[in-house]
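Chain A is the first sequence line, chain B the second, and so forth, proteins listed ahead of strands; every chain is numbered from 1.
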Number of protein chains: 2
Amino acid sequence: MARGYHHGDLRAALVRASLELLAETGAFSVAQVARRLGVSTAAPYRHFPDREHLLSAVAATAAGEMAAEIAAAVATAGDDPVDRFAAAGAAYVRYAVRTGAGFTVIFSTELSGVRDETRTAATRALMEQWMDLITATGARPTADSLHLIEEQIALAQGYTMLYTQGFFHRSSMPLEEIAGRVAMGSRRLVAGS
Amino acid sequence: MARGYHHGDLRAALVRASLELLAETGAFSVAQVARRLGVSTAAPYRHFPDREHLLSAVAATAAGEMAAEIAAAVATAGDDPVDRFAAAGAAYVRYAVRTGAGFTVIFSTELSGVRDETRTAATRALMEQWMDLITATGARPTADSLHLIEEQIALAQGYTMLYTQGFFHRSSMPLEEIAGRVAMGSRRLVAGS
DNA sequence: GTCTATATATTGATAGAC
DNA sequence: GTCTATCAATATATAGAC
């Protein structure tokens with residue numbers, strides 16, 4: 001990837017490289033993403049009008065991937081609605097830690113001014129899928145389920161942040177242990193509601 | 001605060017202004033803090049060797065203030081250990097939202113290279129105070145209490161982030177409602193452990 | 001102890017060559 | 001569709017005047 005690098009699909013490569021950058025540094029800049037691909041800092045602006053629109057495409061991709069990973073985790077979790085709900089929480093933290101693109105990216109305030117139909121469709125699908133897991137546990141459709149999803153997301157995102165911020169000693173605390181904690185906490189939340 | 005502004009205690013003022021900046025923007029830069037006080041961008045470097053040491057002083061102050069607010073909230077919560085534990089969670093989210101200086105600032109990875117005795121003492125005192133609340137609930141000293149404090153912090157920090165990121169509609173969701181959710185969630189965590 | 005001025009780096013973004 | 005070159009903004013940090 002030295003010089004004069006030409007891409008078949010730079011647009012998609014920019015999104016992928018953005019996710020890598022987020023995973024490794026937690027930060028995002030158009031210039032760094034371009035450098036990572038060996039293209040000039042001007043190249044991204046042929047595919048996205050500005051930084052926020054690239055970030056929006058990243059959020060859309062992350063929302064889709066996260067939804068897919070949650071669906072896969074839920075599928076192997078059996079039939080018990082609580083098991084499935086807990087598996088979704090664990091899948092969230094795995095994806096968010098691995099990619100650096102949790103809800104802080106997917107629902108970033110920086111994106112509020114960007115109209116992006118692909119992104120809104122992806123985030124809507126993600127939330128609807130999640131909601132279905134909750135109503136399956138027997139929570140009443142509106143009030144209960146909204147509280148429950150908020151609590152689970154808060155717990156999962158909180159663990160994600162504590163983990164990525166180094167609040168836990170990562171050597172003695174593998175990611176799977178965090179995932180297990182979130183699954184366990186999710187069960188308690190359902191039981192208590 | 002126009003020009004030629006002279007300070008009695010610029011060092012303390014820099015810390016305060018940093019907390020204001022974090023509260024308002026969620027970001028931090030030495031230059032913005034200096035501008036906010038009407039001093040040159042060079043002035044802070046007479047009081048702190050670099051950006052990270054100022055940030056460390058901010059973290060130390062935040063840890064002390066948060067500990068004081070938690071102590072005050074716990075004192076008015078009565079004698080029941082679970083009530084007191086729940087009050088601590090609510091106090092955390094109030095402080096973190098209001099100041100922008102939750103655990104992401106107090107335990108920021110950017111500070112790992114800064115040796116600052118004042119900060120480490122403040123953070124140690126904060127955590128010990130918090131631990132005392134948990135052991136009072138009857139949790140076993142080591143394993144249980146560590147899990148419980150982590151879960152509560154994750155829940156509280158997760159709600160803080162969802163709130164500040166605008167995931168909730170702030171108009172229909174006042175801070176006190178978030179504080180109440182965290183208190184309720186804390187009770188469930190204790191009950192389930 | 002604060003100022004002005006400056007060095008250096010990085011960012012987002014644009015103009016114009018190829 | 002990508003490049004080189006460039007601009008304006010902002011950042012951290014330092015040197016030297018007052």
Side-chain angles (χ1 to χ4, degrees), chain A residues 1-22 24-59 100 104-105 108-116, chain B residues 1-22 24-59 100 104-105 108-116:
Chain A
M1 305 208 184
R3 250 335 157 85
Y5 185 55
H6 283 198
H7 253 286
D9 188 354
L10 181 57
R11 192 193 145 96
L14 287 164
V15 172
R16 286 253 60 87
S18 298
L19 284 166
E20 286 176 27
L21 185 63
L22 280 166
E24 291 172 24
T25 71
F28 168 78
S29 93
V30 181
Q32 279 188 64
V33 171
R35 247 175 263 131
R36 183 173 282 255
L37 290 172
V39 298
S40 77
T41 61
Y45 293 94
R46 289 284 129 185
H47 300 272
F48 299 97
D50 56 30
R51 168 204 153 94
E52 292 185 341
H53 280 79
L54 171 51
L55 206 54
S56 180
V58 171
T104 52
V105 169
S108 168
T109 49
E110 298 182 65
L111 300 177
S112 55
V114 181
R115 280 203 315 278
D116 177 348
Chain B
M1 305 208 184
R3 250 338 157 85
Y5 184 54
H6 283 197
H7 252 287
D9 188 354
L10 181 58
R11 192 195 146 95
L14 287 164
V15 172
R16 287 253 60 86
S18 298
L19 285 166
E20 285 176 28
L21 185 64
L22 280 166
E24 290 171 25
T25 70
F28 168 78
S29 92
V30 180
Q32 280 189 64
V33 171
R35 248 176 262 131
R36 183 172 281 255
L37 291 172
V39 299
S40 78
T41 61
Y45 292 93
R46 287 287 130 184
H47 299 273
F48 299 96
D50 56 31
R51 168 204 155 94
E52 292 185 341
H53 280 78
L54 170 51
L55 206 55
S56 180
V58 171
T104 52
V105 169
S108 168
T109 48
E110 298 183 66
L111 300 177
S112 55
V114 180
R115 279 201 317 278
D116 178 347

Rounding to an integer number of Å, can you tell me how far [X] [atom1] sits from [N] [atom2]?
X	N	atom1	atom2	value
B:His53	D:dT12	NE2	P	15 Å
A:Leu10	D:dG1	CG	C1'	9 Å
A:Glu52	C:dT11	CD	P	17 Å
B:Leu37	C:dC3	CG	C1'	15 Å
B:His47	D:dT12	NE2	P	17 Å
A:Phe48	C:dA13	CZ	P	13 Å
A:Leu21	C:dT11	CG	P	9 Å
B:Tyr45	C:dA5	OH	P	19 Å

Select base, sugar-phosphate, or nothing to describe what [X] touches, counting heavy atoms under 4.0 Å on all strands.
X	result
A:Arg35	sugar-phosphate
B:Ser29	sugar-phosphate
A:Ala43	sugar-phosphate

Tell me, which stems hold DNA chain C, with a stem being 3 or more Watson-Crick or G-U pairs in a row and both distances under 3.5 Å?
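Result, WC/G-U stems under 3.5 Å: C:1-7 with D:12-18, C:9-18 with D:1-10.
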Pick the closest DNA chain C nucleotide for A:Ala42 and for B:Ala42 by heavy atoms, then say which residue is nearer the 5' end.
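Comparing both residues, the 5'-ward one is B:Ala42.
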Under 4.0 Å from OP1 or OP2 of C:dT10: is there any side-chain N or O of A:Gln32 that close?
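No, because none of the side-chain N or O atoms of A:Gln32 sits under 4.0 Å from OP1 or OP2 of C:dT10.
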Under 4.0 Å: is that the gap between some side-chain N or O of B:Arg51 and OP1 or OP2 of D:dT12?
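Yes, B:Arg51 has a side-chain N/O under 4.0 Å of OP1/OP2 on D:dT12.
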Using 0.5 Å steps for rounding, measure from the [atom1] atom of [X] to the [atom2] atom of [Y].
X	Y	atom1	atom2	answer
A:Leu21	A:Arg35	CG	CZ	10.0 Å
A:Leu14	A:Arg46	CG	CZ	13.5 Å
B:Leu111	B:His53	CG	NE2	10.0 Å

Give the minimum heavy-atom separation between B:Ala27 and B:Leu22, together with the two atoms involved.
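So the two residues come closest at O-CD2, 3.6 Å.
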Using side-chain heavy atoms (C-beta onward) and a distance below 4.5 Å, is [X] in contact with [Y]?
X	Y	answer
B:Val30	B:Thr41	no
A:Ser18	A:Leu54	yes
A:Leu55	A:Val114	no

Where the side chain of B:Arg46 is concerned, which of C:dG1, D:dT12, C:dT11 is the nearest nucleotide?
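Of C:dG1, D:dT12, C:dT11, C:dG1 is nearest to the side chain of B:Arg46.
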